[in-house]
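Following: one structure in structure tokens, then a few remarks.
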Amino acid sequence: MKYWLMKSEPESFSIDDLAKAPKKTTCWDGVRNYQARNFMRTMELGDQVFFYHSSADPPCIAGIAEVVKKAYPDHTALDPKDHHYDRKATPSNPIWEMVDIKLVRKLDAPVTLDDLRNVARLEKMELLRRGSRLSVQPVSAEEWKVICRLAEKKSKRPLQNTRPGF
DNA sequence: GCCAACGTTGGC
DNA sequence: GCCAACGTTGGC
């Protein structure tokens with residue numbers, strides 16, 4: 001099982017929106033970066049995801065989700081009226097793909113970007129790299145564990161409903 | 001709102 | 001293949 005971090009601006013789609021969604025599940029449409037897409041292509045069912053609020057106050061990991069559907073074509077790339085339309089995309093070559101993710105749990109106390117920066121073991125984390133903008137990125141097993149511990153500490157109670165591995 | 005960092009586009 | 005121009009991301 002692998003670990004990931006996916007960014008969303010809460011003004012467009014937040015952890016609460018995911019909680020309110022049917023089956024607490026959403027398709028992750030709109031990714032228009034090849035590296036991010038390639039990461040989604042390698043995702044497996046059950047992979048665990050940190051749901052990150054970008055351009056938020058404060059920026060933070062707001063919850064945990066998991067992959068419930070493997071990569072498939074992102075239809076919004078084919079719709080000229082859609083904001084994420086890409087004229088290079090065709091039905092036979094849709095170019096862009098998405099996965100479905102389901103909420104595992106919202107964090108009682110979000111782990112902020114500032115919190116993460118204060119952990120020496122997270123120094124190499126992609127999110128913390130200067131100028132990093134990747135919206136879908138891998139998280140190492142160690143990083144995952146460290147961040148889950150941090151989340152537990154902040155919430156003052158055990159993380160429930162998370163799979164073994166953190 | 002600012003702006004640094006980054007990815008993409010397109011002329012050459 | 002180079003690289004300037006442009007658009008976007010995302011923290012501050």
Side-chain angles (χ1 to χ4, degrees), chain A residues 2-21 26-43 47-67 71-101 103-140 142-144 146-151 153-155:
Chain A
K2 297 189 298 299
Y3 303 99
W4 307 95
L5 180 144
M6 296 166 92
K7 299 178 184 174
S8 180
E9 297 189 17
E11 285 201 10
S12 52
F13 193 82
S14 71
I15 193 84
D16 290 324
D17 292 325
L18 181 59
K20 282 181 284 193
T26 187
C27 61
W28 205 258
D29 61 0
V31 170
R32 296 293 178 268
N33 170 285
Y34 287 102
Q35 206 182 348
R37 180 204 65 183
N38 293 344
F39 281 132
M40 286 200 292
R41 281 179 168 171
T42 71
M43 289 183 180
D47 278 4
Q48 302 288 291
V49 178
F50 283 135
F51 192 110
Y52 181 81
H53 280 172
S54 61
S55 295
D57 187 21
C60 61
I61 293 171
I64 294 170
E66 69 178 3
V67 176
Y72 61 106
D74 179 348
H75 57 84
T76 64
L78 301 169
D79 178 0
K81 290 187 292 294
D82 195 281
H83 181 244
H84 294 293
Y85 174 65
D86 182 349
R87 62 193 169 83
K88 297 191 302 304
T90 64
S92 60
N93 181 23
I95 304 179
W96 303 111
E97 298 183 22
M98 58 191 178
V99 296
D100 286 359
I101 63 167
L103 182 68
V104 172
R105 66 167 292 147
K106 181 182 168 178
L107 296 182
D108 298 331
V111 176
T112 67
L113 183 58
D114 207 46
D115 292 333
L116 299 173
R117 288 223 165 93
N118 283 320
V119 181
R121 289 166 86 192
L122 298 178
E123 258 174 5
K124 301 240 176 75
M125 200 181 167
E126 169 66 24
L127 183 74
L128 305 184
R129 265 190 47 237
R130 176 182 160 79
S132 169
R133 303 187 313 178
L134 198 54
S135 67
V136 176
Q137 54 183 259
V139 171
S140 76
E142 198 207 345
E143 289 161 354
W144 182 271
V146 167
I147 293 167
C148 286
R149 292 277 175 271
L150 199 57
K153 208 162 96 183
K154 283 196 86 177
S155 72

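Letters A, B, ... mirror the listed sequences (proteins, then strands); counts begin at 1.
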How are the rings of A/F51 and A/F13 set to each other: parallel, tilted or perpendicular (split at 30° and 60°)? tilted
Rounded off to whole Å, could you give me the CZ-to-P distance for the A/F39 and B/dG7 pair? 12 Å
A/L113 atom CG is separated from C/dG10 atom C1', nearest whole Å, by 10 Å
Within less than 4.0 Å of OP1 or OP2 of B/dG7, is there a side-chain N or O belonging to A/R37? no
Check whether any side-chain heavy atom of A/P138 sits under 4.5 Å from a side-chain heavy atom of A/E126, and report yes or no. no
Want to settle it: does A/N33 or A/R87 sit nearer the 5' end of DNA chain B, counting the closest nucleotide to each? A/N33
State whether the number of non-hydrogen atoms from other residues, nucleotides or ligands found under 6.0 Å of A/N118 atom CG is greater than 12. yes
Are the side chains of A/T76 and A/R32 in contact, using a 4.5 Å heavy-atom criterion? yes
When the distance from CZ of A/R129 to P of C/dT9 is rounded to whole Å, what number comes out? 17 Å
For A/W96 and A/Y34, I'd like to know if the aromatic rings sit close, meaning centre-to-centre distance below 6.0 Å. yes
Can you tell me the distance, in whole Å, between the CZ atom of A/R32 and the P atom of C/dC6? 24 Å
Starting at atom CD1 of A/I95, determine the distance to atom P of B/dT8, rounded to an integer number of angstrom. 12 Å
Can you find a side chain N or O atom of A/K7 that sits less than 4.0 Å from OP1 or OP2 on C/dG10? yes
Selected nucleotide, minimal atom distance to A/S54 side chain, candidates C/dC12, C/dT8, C/dG10: C/dG10
For the pair made of CG in A/D57 and P in B/dG1, what is the distance, rounded to whole Å? 16 Å
Is the phosphate of B/dT9, meaning OP1 or OP2, less than 4.0 Å from a side-chain N or O of A/K88? yes
Return the value, rounded to whole Å, for the distance between atom NE2 of A/H83 and atom P of C/dT9. 8 Å
Is A/Y34 close enough to B/dC6 that one of its side-chain N or O atoms is under 4.0 Å from OP1 or OP2 there? no
A/Q137 atom CD is separated from B/dG7 atom P, nearest whole Å, by 13 Å
